[in-house]
**Q** 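Once you've had a glance at the structure underneath, I'll fire off some questions.
In what follows, every heavy atom counts, from backbone to side chain, and hydrogens, waters and symmetry copies are set aside. Order of the sequence lines fixes the chain letters, A, B, ..., with proteins taken first and strands second; residue numbering starts at 1 for each chain.
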Protein chains: 2
Amino acid sequence: MQLSKTFDYAIRSLVYLARLPEGEAAELRAISLSQSVPMSYLAKVMRHLVRGGLVTSILGRDGGYSLRKKPRDITLLQVYEIMEGELRFVECMENDRNCSLFNGCTQATVWRRLRQAVEGIFRETTLEDLLPKNAGESVPTPIKESGYARAGA
Amino acid sequence: MQLSKTFDYAIRSLVYLARLPEGEAAELRAISLSQSVPMSYLAKVMRHLVRGGLVTSILGRDGGYSLRKKPRDITLLQVYEIMEGELRFVECMENDRNCSLFNGCTQATVWRRLRQAVEGIFRETTLEDLLPKNAGESVPTPIKESGYARAGA
DNA sequence: CAATCGTGGATATCTAATGTCCACAATTGC
DNA sequence: GCAATTGTGGACATTAGATATCCACGATTG
């Protein structure tokens with residue numbers, strides 16, 4: 001019942017990008033530092049987001065990442081599906097192939113209800129909802145940068 | 001976002017017990033067979049349920065397990081907490097110690113809403129809800145018993 | 001006392017998440 | 001063109017947790 005760090009990283013990175021001034025891009029290093037996420041791992045996360053169409057990447061010098069949509073047009077459900085695939089609580093959720101037990105699987109109803117609930121929340125929550133309220137704040141910095149985002153890629 | 005097999009095993013075993021005639025107990029082997037769960041692993045699951053107070057165990061010959069409460073008095077939330085501990089979606093859910101980022105963690109709200117939703121469903125769903133509707137049915141048997149519950153403990 | 005159960009805990013295996021690395025392609029400034 | 005910078009791609013390593021196995025033991029019954 002845990003959400004993966006990867007998913008959390010993705011959201012935090014997106015929020016970071018959403019807080020940038022219009023049209024500006026952020027480097028991997030900056031995001032990594034601000035979120036205390038290993039740079040090489042974050043790189044992988046960002047690639048997902050790029051392929052998923054939520055983020056644009058700019059190559060070469062002065063490159064970086066920037067949002068491709070308005071914060072309010074990015075839902076957590078989109079992010080989840082890009083990072084983790086379809087929302088599912090048990091192996092057998094859709095395909096009865098896996099489950100050789102034919103107790104009519106009375107659990108299925110519960111799992112389905114669970115998914116609907118979670119999916120609903122994810123669908124209704126956009127990046128905008130995750131932006132800090134106090135407007136005139138600048139991008140946050142990490143408390144201690146214990147070894148993240150050093151030399152490397 | 002996956003539920004553990006262990007949790008699923010626990011529920012299925014409880015449902016199995018709930019379907020027994022009043023006051024009857026079931027052996028580990030029988031449960032294991034019916035659910036296609038390795039016996040030695042199921043033993044561990046059952047111990048949790050015993051310690052958690054949902055199930056009584058009878059030692060010695062003709063021993064086995066039986067429910068300690070009525071099916072409608074056992075909620076999925078109880079089962080979950082016994083098997084997995086407190087419901088939680090991210091590490092930092094309660095204690096801010098883990099999280100050295102002070103972006104005010106706007107996600108926290110979402111995680112909390114998520115938990116409330118799931119917790120609600122778990123709290124409202126009892127074992128009774130998981131019993132097959134068609135009354136006069138006997139305890140199910142597995143389709144194929146491919147190697148489970150053989151010799152061993 | 002012998003057969004049958006569950007108990008307890010150490011240990012092993014497996015799998016997915018997480019993290020690391022390096023060669024490469026794109027872009028920009030000189 | 002060249003060097004520096006930035007993201008890309010994929011192979012690989014590590015870790016952690018879930019899952020599974022084992023065995024010596026205690027309880028119970030006939």
**Q** Hey, which of A:Glu91, A:Glu86, A:Glu84 is the one that makes salt bridge (Lys or Arg N to Asp or Glu O under 4.0 Å) with A:Arg88?
**A** A:Glu86
**Q** Relative to the 5' end of DNA chain C, which residue comes earlier, B:Lys44 or B:Ala26, by the nucleotide with the nearest heavy atom?
**A**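 Final value for this comparison: B:Ala26.
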**Q** Tell me which residues in residues 55-69 of chain B lie within less than 4.0 Å of DNA chain D, going by non-hydrogen atoms.
**A** B:Leu59, B:Gly60, B:Arg61
**Q** Measure NZ/A:Lys5 against P/D:dT15 and give the value in whole Å, please.
**A**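 Result: 13 Å.
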**Q** Counting only pairs under 3.5 Å, give me each side-chain donor-acceptor contact of residues 116-131 of chain A, with atom names and distances, residues two or more places apart or in other chains.
**A**
| from | atom 1 | to | atom 2 | distance (Å) |
| --- | --- | --- | --- | --- |
| A:Glu119 | OE2 | A:Arg123 | NH2 | 2.8 |
| A:Thr125 | OG1 | A:Ile121 | O | 2.7 |
| A:Thr126 | OG1 | A:Glu128 | N | 3.2 |
| A:Asp129 | OD2 | A:Thr126 | N | 2.9 |

**Q** For B:Glu27, what residues pass the side chain to side chain donor-acceptor pair (under 3.5 Å) criterion, not counting sequence neighbours?
**A** none
**Q** Out of D:dT8, C:dT7, D:dT21, which nucleotide sits closest to the side chain of B:Val50?
**A**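 Of the options given, the side chain of B:Val50 lies nearest C:dT7.
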**Q** Taking atom P of C:dG6 as reference, at what distance in whole Å does atom CZ of B:Arg51 sit?
**A** 15 Å
**Q** Counting just side-chain N and O atoms, does B:Thr6 come under 4.0 Å of either OP1 or OP2 of D:dT19?
**A** yes
**Q** Round to a whole Å and report the spacing from CD of B:Glu27 to C1' of C:dG6.
**A**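 It is 11 Å, rounded to the nearest whole Å.
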**Q** Checking all strands, does A:Tyr9 fall into the base, sugar-phosphate, or nothing category for heavy-atom contacts under 4.0 angstrom?
**A** sugar-phosphate
**Q** Provide, to the nearest angstrom, the distance between the NE2 atom belonging to B:His48 and the C1' atom belonging to C:dT7.
**A** 13 Å
**Q** What is the distance from CG of A:Leu42 to P of C:dA17, rounded to the nearest Å?
**A** 18 Å
**Q** With under 30° as parallel and over 60° as perpendicular, where do the rings of B:Tyr80 and B:Phe7 fit, or are they tilted in between?
**A** perpendicular
**Q** CZ of B:Arg47 versus P of D:dG26: gap in Å, rounded?
**A** 15 Å
**Q** With sequence neighbours excluded, tell me which residues meet side chain to side chain contact (heavy atoms under 4.5 Å, CB included) with B:Thr6.
**A** B:Ser4, B:Tyr41, B:Val45, B:Met83
**Q** CZ of B:Arg19 to CG of B:Leu14: how many Å apart, nearest 0.5 Å?
**A** 13.5 Å
**Q** Does anything in residues 73-84 of chain B come within less than 4.0 Å of DNA chain D? Heavy atoms only, and list the residues if so.
**A** none
**Q** Please tabulate, one pair per line, all N/O donor-acceptor pairs under 3.5 Å involving side-chain atoms of residues 57-75 of chain B, not counting sequence neighbours.
**A**
| from | atom 1 | to | atom 2 | distance (Å) |
| --- | --- | --- | --- | --- |
| B:Thr75 | OG1 | B:Leu77 | N | 3.4 |
| B:Thr75 | OG1 | B:Gln78 | N | 3.1 |

**Q** Could you tell me how far apart A:Met39 (CE) and C:dT18 (C1') are, to the nearest whole angstrom?
**A**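 Nearest whole value for this atom pair: 17 Å.
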**Q** Output the distance between atom OG (B:Ser13) and atom CG (B:Asp8), rounded to the nearest 0.5 Å.
**A** 9.0 Å
**Q** Take the protein atom CG of B:Leu49 and the nucleotide atom P of C:dT7, then report the distance between them rounded to whole Å.
**A** 11 Å
**Q** Within the 4.5 Å heavy-atom criterion, are A:His48 and A:Arg51 side-chain neighbours or not?
**A**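 Of all side-chain heavy-atom pairs linking A:Arg51 with A:His48, none is under 4.5 Å.
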